[in-house]
Number of protein chains: 2
Amino acid sequence: MNLRDLRYILAVAEHQHFGRAAEACGVSQPTLSVQIRKIEDLLGVALFERSSRAVAPTDACQALIGHARTAVAEADAMLAVAWTLRDPLAGRFRLGIIPTLAPYLLPLVFAPLRDALPALEIEPWEDQTAALLDRLRGHELDAALLATEVDGPELASRPLFAEPFLAALPPEHPLAGREQVAEAELASDMLVLADGHCLRDQALAACGREGTLGTLRAASLATLLNMVAAGYGTTLIPGLAAGAAQDGGIVLRPLAARTGRTVRLVWRARFPRGTAVDAVGDVIASRLRGYAEGAASDVV
Amino acid sequence: MNLRDLRYILAVAEHQHFGRAAEACGVSQPTLSVQIRKIEDLLGVALFERSSRAVAPTDACQALIGHARTAVAEADAMLAVAWTLRDPLAGRFRLGIIPTLAPYLLPLVFAPLRDALPALEIEPWEDQTAALLDRLRGHELDAALLATEVDGPELASRPLFAEPFLAALPPEHPLAGREQVAEAELASDMLVLADGHCLRDQALAACGREGTLGTLRAASLATLLNMVAAGYGTTLIPGLAAGAAQDGGIVLRPLAARTGRTVRLVWRARFPRGTAVDAVGDVIASRLRGYAEGAASDVV
DNA sequence: AGATCTGATAGATATCAACTATCGCTGCAG
DNA sequence: CTGCAGCGATAGTTGATATCTATCAGATCT
């Protein structure tokens, strides 16, 4: 049995006339005659009593037609819903963001995203890189903003913008007077984030350190900056966080080698809504265009 | 879009695996791949995200699958209901009966019909011939028991049994002493039913009269018999009414020429449930078999 | 009695879903 | 790191069938 068959039944029942029903269905009258006959054979019951002047639905038809109507209506509803879902730039878009990026990037891009993609309901999800990748692979996220490379055929990624690191120093620190700071000079008293933050590994790598110094494992950049402001050491922060850092009596200095990280958009290679991914990436990249070239502290 | 397509979608969504879904649908895996792709093109949205190890339904699929499930369930329900309607000897059967027959025939055939056709819900409808034929043509009756011939290609009929007429006389009537009465002898003082009763015309015809005598237009046989018992005249009653007539101080006599009427089952020639019509006719004819040959008054 | 309207039928055609065979990709294991 | 296995996609063919046009047969109306 076929949805088309059900539509034929409904049409004949409605018009009580094969010719007009056929016209309403956009087929020829013999088509309808043959198909109705086939359905009757299939169901084992006569649906219509034909005479030369009228077509009357049988009791059996009356009993069945409600189901037919519902089935057809549901199928039509499905098409209608699908039509509203056609726009790849509409609907929910779950976007993962790492914690060292979210508080500083989201305020920048949220309005541009809403303006450029009004139908796209972006749901940010903040977590560390590994957790985001797990959720991405598990179809719990549609894309993620990371600061690391990803490999494997399963995921695809695209760089959005470069984010330079800045040295964060207490005002009384010996290096605070410099115009710029060499990465290796921070190694001796640099404070870092807790395990799992990509920034932790990147900061350590930038200074040429492998292991860890001291026992502090800050859970957030805010904690780290407060510790620096209190004179417990130095740290290395991503450029977008400069605005937040300047409030608290901290000296920011560019790095001699302009070390930084690249913020990337990552998604499953097979994710069907590539258009939405591209659009989101475009908006963010365009908002941050020229950021790395300018002075980190005043472009934002 | 097709109900089969919807079943494919449901299968893939359930198994999250094209091969197993194909097996569940009884088709090959390429069939499923191609069809799912076609539906996706038709809907304009991706339903599944395929990777080499897993098949995951998209958000769009989640939004659509409820409709698909309902549509398929309704179609299945339709088939199930149709299966219960397959038996032509089941369901409602609206049977018209003329007033001069119903009170006497129904008590005879109701139990046999119920025993022979337990699933057939017979709904008797009592009215005069013309009204029954109207309802029959208007699909408001499935068949009717009449005592007249019907013609035209629209209706078909079948004789069930012959019903002889009897002369009903007041005990003091001159003819009451006879063994039998000649039809023409009743003409002078015969009382008849109101217009519209076929028995009225048949009684008049049997006595060779065309017009009407007197002003009485009895609405029922019971009225007529009471009038006869009261000595106002004679009448002619159908044989099956003999039982009712014998109670009331009336003399019944057979007619010399054995005049009578033939009770027929009438139905629309195109009525699809010919099996039910035949069965009902068989039961009634078999119950009344031999009736006309026996003595009218004691066979019943 | 002819005209007309109805649904049914016949035969041809084109669409399409199904199959088998095979490919390409991915992940695992020797 | 290289075959091996699993999975979905693709190609090409075949068979079923829904559809068409043309026509028939029955019934009603003028």
Distance, rounded to the nearest Å, where B:Glu49 contributes CD and D:dA9 contributes C1': 16 Å
Atom-to-atom span, CG of A:Asp41 to C1' of C:dA8 - whole angstrom: 14 Å
Interatomic distance, A:Leu3 CG vs D:dA18 C1' [rounded to whole Å]: 15 Å
A:Ile39: which of A:Asn2, A:Ile9, A:Leu6 passes side chain to side chain contact (heavy atoms under 4.5 Å, CB included): A:Ile9
Value in whole Å for how far the P atom of D:dG8 lies from OH of B:Tyr8: 16 Å
Spatial distance of atom CZ (A:Arg261) from atom CD (A:Gln202) [nearest 0.5 Å]: 6.0 Å
Nearest-angstrom distance from the residue atom CZ of B:Phe48 to P of D:dG8: 11 Å
Nearest-Å distance for atom pair CZ/P, residues B:Arg50 and C:dT26: 16 Å
Integer-rounded Å distance: C:dA17 P and B:Leu42 CG: 11 Å
DNA chain C contacts among residues 28-39 of chain B, heavy-atom distance under 4.0 Å: B:Ser28, B:Pro30, B:Thr31, B:Gln35, B:Lys38
Separation of atom NE2 in A:His17 from atom C1' in C:dA8, rounded to whole Å: 14 Å
Upstream residue (5' side of DNA chain C) when A:Glu154 and B:Arg270 are each assigned their closest nucleotide: B:Arg270
B:Ile36 CD1 to B:Tyr8 OH distance, which is reported to the nearest 0.5 Å: 9.0 Å
Passing option when B:Leu199 is tested against B:Leu193, B:Thr148, B:Thr129 for side chain to side chain contact (heavy atoms under 4.5 Å, CB included): B:Leu193
Point-to-point distance, once rounded to the nearest 0.5 Å, from CD of A:Glu149 to OG of A:Ser157: 6.5 Å
Position toward the 5' end of DNA chain D (nearest nucleotide), A:Arg4 or B:Gln16: B:Gln16
Reported CD-to-CZ distance for the pair A:Gln16 and A:Arg50, which is rounded to 0.5 angstrom: 12.5 Å
